[in-house]
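Have a look at the structure below before the remarks.
Worth knowing before you read on, the calculation uses all heavy atoms, side chains too, and leaves out hydrogens, waters and symmetry mates. Chain A is the first sequence line, chain B the second, and so forth, proteins listed ahead of strands; every chain is numbered from 1.
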Number of protein chains: 2
Amino acid sequence: MIWKAPFAAVVAAFLAMLPSNAAQAEDGYDLWLRHAPLEGEALDALTVRPLAVVSDQAGNATVDIALAELRAGLSNMTGRAVATAAEPGATLIALDCDHPQIADGGAFSLNGSSNGLTVYAFEPLGCLYGAYALLRDLAQGTPLGEIGYSDAPAMPLRMLNHWDNPDGHVERGYAGRSIFDWWHLPERLDQRMIDYARANASIGINGVVVNNVNARAFMLEPRYIVKLARLADAWRPYGIRVYLSARFSAPRDIGGLPTADPLDPAVRAWWKAKADEIYAAIPDFGGFLVKANSEGQPGPQDYGRTHADGANMMAEALGDRGTVIWRAFVYSEFDDTDRHAQAYAEFVPLDGQFAPNVIVQVKNGAIDFQPREPFHPMFGAMPNTRLMLEAQITKEYLGFASHLAFLAPMWEEVLEADTGHGATVAEVVAPVGMAGVANTGSDRNWSGSDFDQANWYAFGRLAWDPSLSSETIAREWAAQTFSRAPAFLDSVVPMMLGSREAVVDYMTPLGLAHLMDTGHHYGPAPWVCDLERPEWNPCYYHRADAHGIGFDRTERGTHALAQYAPSVAAQWADPATTDPIWLLWFHRVSWDHPMPSGRSLWAELVHRYDSGVAAVDAMAATWADLAPYVDAQRHRAVTENLAIQANEARWWRDASLAYWQSVNGRELPAGTPSPAHALDYYRSLTFPEAPGN
Amino acid sequence: MIWKAPFAAVVAAFLAMLPSNAAQAEDGYDLWLRHAPLEGEALDALTVRPLAVVSDQAGNATVDIALAELRAGLSNMTGRAVATAAEPGATLIALDCDHPQIADGGAFSLNGSSNGLTVYAFEPLGCLYGAYALLRDLAQGTPLGEIGYSDAPAMPLRMLNHWDNPDGHVERGYAGRSIFDWWHLPERLDQRMIDYARANASIGINGVVVNNVNARAFMLEPRYIVKLARLADAWRPYGIRVYLSARFSAPRDIGGLPTADPLDPAVRAWWKAKADEIYAAIPDFGGFLVKANSEGQPGPQDYGRTHADGANMMAEALGDRGTVIWRAFVYSEFDDTDRHAQAYAEFVPLDGQFAPNVIVQVKNGAIDFQPREPFHPMFGAMPNTRLMLEAQITKEYLGFASHLAFLAPMWEEVLEADTGHGATVAEVVAPVGMAGVANTGSDRNWSGSDFDQANWYAFGRLAWDPSLSSETIAREWAAQTFSRAPAFLDSVVPMMLGSREAVVDYMTPLGLAHLMDTGHHYGPAPWVCDLERPEWNPCYYHRADAHGIGFDRTERGTHALAQYAPSVAAQWADPATTDPIWLLWFHRVSWDHPMPSGRSLWAELVHRYDSGVAAVDAMAATWADLAPYVDAQRHRAVTENLAIQANEARWWRDASLAYWQSVNGRELPAGTPSPAHALDYYRSLTFPEAPGN
C-alpha cells in the first residue's frame, strides 16, 4: 500500500525502525516532485498559521491542477492539511490567473505579502507554471517570505521528441519499454500519462512528439488518431500539445497513391485531408516532425525536390493550425563528402525558402550527439529560417543510463557558443525553441537511473531559461530529488558538474568522436574500419596511423571549417589557437604534437583517459560518503551504476589505448598501467542484446 | 515521496481530502501484499496489547525476512510499531524454525496460544511460508485467535517459466518489458528482483526459469553465469532456485563443436563442463528447461536420437545436483498427422527410459493453452516417467492482459480431471510439480492489469495445494488486493469465477479452438486457411463448411481419442455422451445437430457468443457498482480494461458469426443482432504492432 503521508516527521521516525526489505522505499517514480517534509525556518514560515490555497478561477482544468499541486505539495512539506478556502488568520496562497499586466505564453509573477503569496498570471497555464515554481522554491527550503519574482519562458517551443516505436521499443532507449501504451489507447489511459504530463509541466515542457522520427506510416491512420486524441485531451490542461512524427511516404504507404512527390496535387490533397482529419479530433494538434532523406528515410529528394518543397507542402496542409518541424540531420548514402558538411550544404542554400510555419531542427553539433561536439555551423547561418535546437537527453553516446553524466554543462557549452554571426546559439534559437530526445521509459524511475532524471529536468529548465547555469540547475534538482542538506548539495553538485567531462575523457578526449561500437553504440570500437559506408566507421573519424591522429577539417582537409563564420573558422583553423578540447575534431596532428600542458599529444591522450577513469572513481567515493542523506534503495541503485561505470570507463581506456598502441607502436608513458587485456580481447567482445538498437 | 504509513486511519482520512491527481494513488505494485489497515475485531485482537515478533533463529537470512515481513505487515495492518523482542504482557508472534516434528520442504504449523501465536517449522523456509500464511489470514480479516492449522506444499516443484528474452522482449508478454534487467547485472540488482522473489515466496513458488524456452545459447556463456549467480544469491533466502532454458545446439552455437549429437563424447563433455561451471557459481542451480525438436528448435532428433537420449545426456551432466525439465510440447514441421496426437506418439513409447533427474513437462492440453482444452492424454499414460504440468498464466489465447479472465477455474478443471488411469491429473503431477508461464512485466502493476495479478496468485496457490477451490483462491486474493468488505467480495468473487467461461463463449465456444489471428494471436481469424503448415490454420481446427463444423478425433477421424484411457475415450467417442463444452473438439457435426439445450448446433453457437458478450457487460456493471470499495486509480484502470474487453468480445462474436454465415449460408436466429460489419471488414483488420509476438 502506498500512502501519501501528511505526518511526515512521525512517519520518518517510524520508517527507520522498519526492516528495509519490507518498507516501501523510494523508487524514484516521484522524480523531483517529492515535496519532502520541510524543517526549520522554511517549515515555520508555513506552519505559523493555517494554510489555505485558493483561486477565483477554480473550475478551470488547468487552475484546478495548480491548486491541487499546491495543496498536495504543501501538505507533504508541512505535514498539515491545507484549507481550500480563505479563512481569517490563514497564510493565503492565491492564484490570480487573468491578470492583465502579465504576458501570455506562461509568464507568471510570485508576489509575497504580509499574509501569504499570490501567483499572478495572464492565463491559467501561467498560474500552473507559477505554482510549480513556488513548489520548487519551497522544496529547496526557501522560506515563503523570501520568494518573490517574475518569470517567463525564453523560448516558445520547449519540446520532447520521443524515439518510441508503436510496438513499445524505444530507439536509443535505456529505461525499458516505451511509456506510451498505444495498444490499449484510446479506452485505457495509463496513469503514467498523467504523471508524465505533470512532470513535464513542472519544468515548462509544452510540446511532445510522441513517436520516433523513423516513423511508421500507420500511426497516421484513423485508429491511431483516436488514440492520440485521448492523449491530447489528457495533456491539454497541463499546457502540452501533441505532435506526430510523419513518414514522408505516407501517401504511398497508407494512402494508396503511386507517389509521395510533394508537388503532386493528389499528394498535397492527401496531406491536407489528413491534417483536417487530425484537427477534427485534436483542435490544438501541434504539427508534424519529419526526418526526410536521411539514413534511408523517404523524402522529397526521392522525387528531385528540395527539403523546402517537402516541408512547405506539409506546412500548407497544416495551415496556421500547426507547424512542420523539419530535421536538418541528413546525411546521404551517396554523398562521400565530409558528413560534417552535408547538412549545411543541403540547407543553407534554402534559407528564406521555408514557409512561415516551418521550423528547421538542427542538432547541437554537425555529427551526432557525441560526448562533445562544436556547435553546428548552421546556427546563425540561416537568418531567414526559423531554427530550433535538437539536443539528446537519452545518452546514446554517453554510456547509456548506467553512466552518471549530467548533461547541462554540455548544453550550456553549445547554448553559450558565439556563432560569429552576431549571436550565441541560444540567441539564434530563442525565438523558436529547443527539442530534447527523451530518456523516458517504463522503468519505475522513468529514466533508467536516478541521475538521468536530472537530464530531463535540466533540458526543461534550459529550454525555459537558457541563461540558467548548470550549477543552479544541478542544485535545484538535487535538493528536490534527494536532500536539501547543504553538506549533501555542496558535495553532489560539483560531482554532477564534472561528470560529463569525465565521460569525454574516458571515451573521446581531445576532440575525438564516434568511436563507439557499430549499431548499438555500446562500448569502444575504434578498430572498426570495414563497414560499407565510410562515415559508419570509427576509423573515418579518428584517421589514426603510425604518424598521427585526427580529422583535418581545415582547408588542407575537407574544409568543413569554411562553413563557420570567419571569426570562428579563423580560431579553429590553426592547431595553436584551437582549444585542445576540439583539437582532433578539426586537425590531424602527429603523436608528438606538443600540447599546452607540455605533454606530447600521445601523453596527453593517455593522461585524459586516466583522468576520466579517476574521475569516476572519485564520484563513487563521493557518493559512498553521501549515504546518510539518501534513502537506501536509491543510494544502492546509484552505487551499483557507478560500479558499472567504473568498469566501463576502464574498458574504454584500456581498449582505446590498446588500439592506439597497435597503430602507433608506442609505449605508454612511464608509470602508466598497461591495458588489462590484449587488443584481441577487446575486439572479440560482442553484445547482441545491447539495448536501444 | 512514497511512505509506508503506520497511522493508517489518520492517513486515510486525510487522503480523502487530497485532490486525486496529486495524491500518490495505489498503482498495484504491492500486489496482494498490501497489508491494508484492519478494523473491528481483527484489529482489536492485535492491538489489545503491544505486539512483538521474535525468533531464536534471527540472523538466518530467511528467518530475518520472515521477521521483517511480519513486523512490516503487522505495522501496516495495525498502525502500530511492532517490538523486536519479547516484553512482558505483549502479544508474541514467535518463529520456531528448527522444530523436529515438522516436515521439511516448507511445511509449517501455526499454533495459537493465550499470549500470541507460534510458527513452527523444521527449517527457515517453513517459517517464511508460515509467516506469509499468517499475514494472508490476518489480511483477510481473520482475528489472530482464530488462526491455527498446519500446512505443507502438495508438490515439490512450484515453478514459473519466463518466456523472457535477454533483450527484454517477452514472448507472449502483455505487461511491458521483461522484469529481468540482464543488461545491468551482475553489478546492478534491481529492487524489483527482490520484490519479485518476495511475491513468489508469499505464494510458495520455489523455482524460476529465467529465460525463454526459445533460448539464446549465449545465456550459457560466462558473462551470463555471473549475472545468474547474483540473482540466485538474491533469491536464495526466499527459497527460490534458478533454472535456465538451455538451447540444445549450444555446443555448436557457442562451444565450437561441429555437432550437438547427444551421443557424441565431445558434446557430453561440453555439457558436463558447462554444468560444472554453473555449479561453481551457483551451488544450488536448479537445472535446465529444454524445448527440443519443436517449432524449429534444435534437438536430439536432428541427429537421429530420441528425446530420452537428449534429456538423459543433459541429466548426466547435471548429475544429482539438478534436474532436466524436458518439454513435451512438440510438433513437427514434417508430421502431418493430427497435431493433437504428436506429443503422445513421440513420448509415451519412451516411458521408463528417462533418467531419474529428468522431468517431462506437459501442457494442460494437447494443442496449446486454448481458452478450454481437455486434459492432455499423456497424463496417466507414462507411469514410469516424472510428469509435470505446464500451465500458461500469461493470456496468450485469452485476450491478453486487457480481458478479465480468472484462470483458476481453468486449471481446476484440468487438475480435477480423471485420467482414467486411476488418478486425476493433480494426482499424476503431485509427486513432481507444476510450472506456469509467467505474466510478469515492467508495468507498474506487474501483470498488465490488476486482475491478472490474480492469475499469478492462483497459480502459486494451486501448485501449493491443488485441492483449493477457485472460489477460495479468488476470495483470498480479492480481499488482500482490493478490499475485505464482505459486500465487495460477495460481488467480485462470482464475477471472477465466471470470467473465463465468458472468454470461452465469445472466442471459442463448444470445443472450438485456435481461431485467433496468425502469429500474435490477437483477435479472431477463423477465415485463415492458406498458411504453409496445415496446423497453423484456424481452418484446420474448425473444419467448417456448408454441412458442419468440428474436428473429428474419433475412429472415423484422426482417432486421437485412442490416446486416452478407455473409460475416457469411450465417453468422448459419442457426441451424445460428450459434454457440449468438448463437442467440436472431438466431433464434426452438422449445423443442425441437436444440442441438449434443445437448440440446433448453429443456434447454440450463436447463443454462446451472445452469452459471452452479455457476461462481459455484466462484469462491467458489477465493477461499476464496486467503486466505493476500490481506490480511484485501480478502479479506473479496471473499468477501462473492461471497456476494451466489451469491444473485443463483440468483435469476436461478430467476426466469428460473419464468417460462419459465409460458410454455412444460414440466417441468424430470429431476434439476434447481425454483425456490426461485413466479413470483409473483419478480414481487413491488421495489427502489425500487436504485443507479445
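Only the side chain of B:N647 comes within contact range of chain A, judged by heavy atoms closer than 4.5 Å. Heavy atoms of B:F218 lying under 4.5 Å from chain A belong exclusively to its side chain. Residue B:T481: no heavy atom, backbone or side chain, is found under 4.5 Å from chain A.
Contacts with chain B were tallied for A:G168, A:A637, A:S442, A:P691; A:P691 has the most, counting heavy-atom pairs under 4.5 Å. Listed options B:R192, B:H184, B:E187, B:H169 were ranked by heavy-atom pairs under 4.5 angstrom with chain A; first place goes to B:E187. The most heavy-atom pairs under 4.5 Å with chain B, out of A:N641, A:D167, A:T639, A:D631, come from A:N641. Listed options B:D190, B:L189, B:L31, B:D443 were ranked by heavy-atom pairs under 4.5 angstrom with chain A; first place goes to B:L189. Between chain A and the residues B:Y224, B:F400, B:Y174, B:W182, the largest count of heavy-atom pairs under 4.5 Å involves B:Y224.
A:D27 has its side chain within reach of B:R444: a pair of non-hydrogen atoms, C-beta onward, lies under 4.5 Å apart. Looking at heavy atoms from C-beta onward, A:R636 lies in side-chain contact with B:Q191 at the 4.5 angstrom threshold. Side-chain contact check for B:V170 versus A:R177: every heavy-atom pair is 4.5 Å or farther apart.
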Discussion item. Before you tell me yes or no, could you show the steps for B:W183 and A:Y522 under side-chain contact (heavy atoms from CB on, under 4.5 Å), namely the whole-Å CA-CA distance, both residues' side-chain angles and the distance that decides it to 0.1 Å?
Written reply: CA-CA 11 Å; B:W183 186 248; A:Y522 175 67; 3.3 Å; yes

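For the atom pair A:L642 CG and B:R188 CZ, the distance stands at 11.0 Å (nearest 0.5 Å).
With salt bridges taken as basic N to acidic carboxylate O contacts below 4.0 Å, one links A:R223 and B:E689.
Contacts of A:Y196 classified as side-chain hydrogen bond (donor to acceptor under 3.5 Å, both in side chains), with partners at least two apart in sequence or in another chain: A:H162, A:N200.
Applying the 6.0 Å contact sphere to CZ of B:R216 captures no more than 12 heavy atoms from other residues, nucleotides or ligands.
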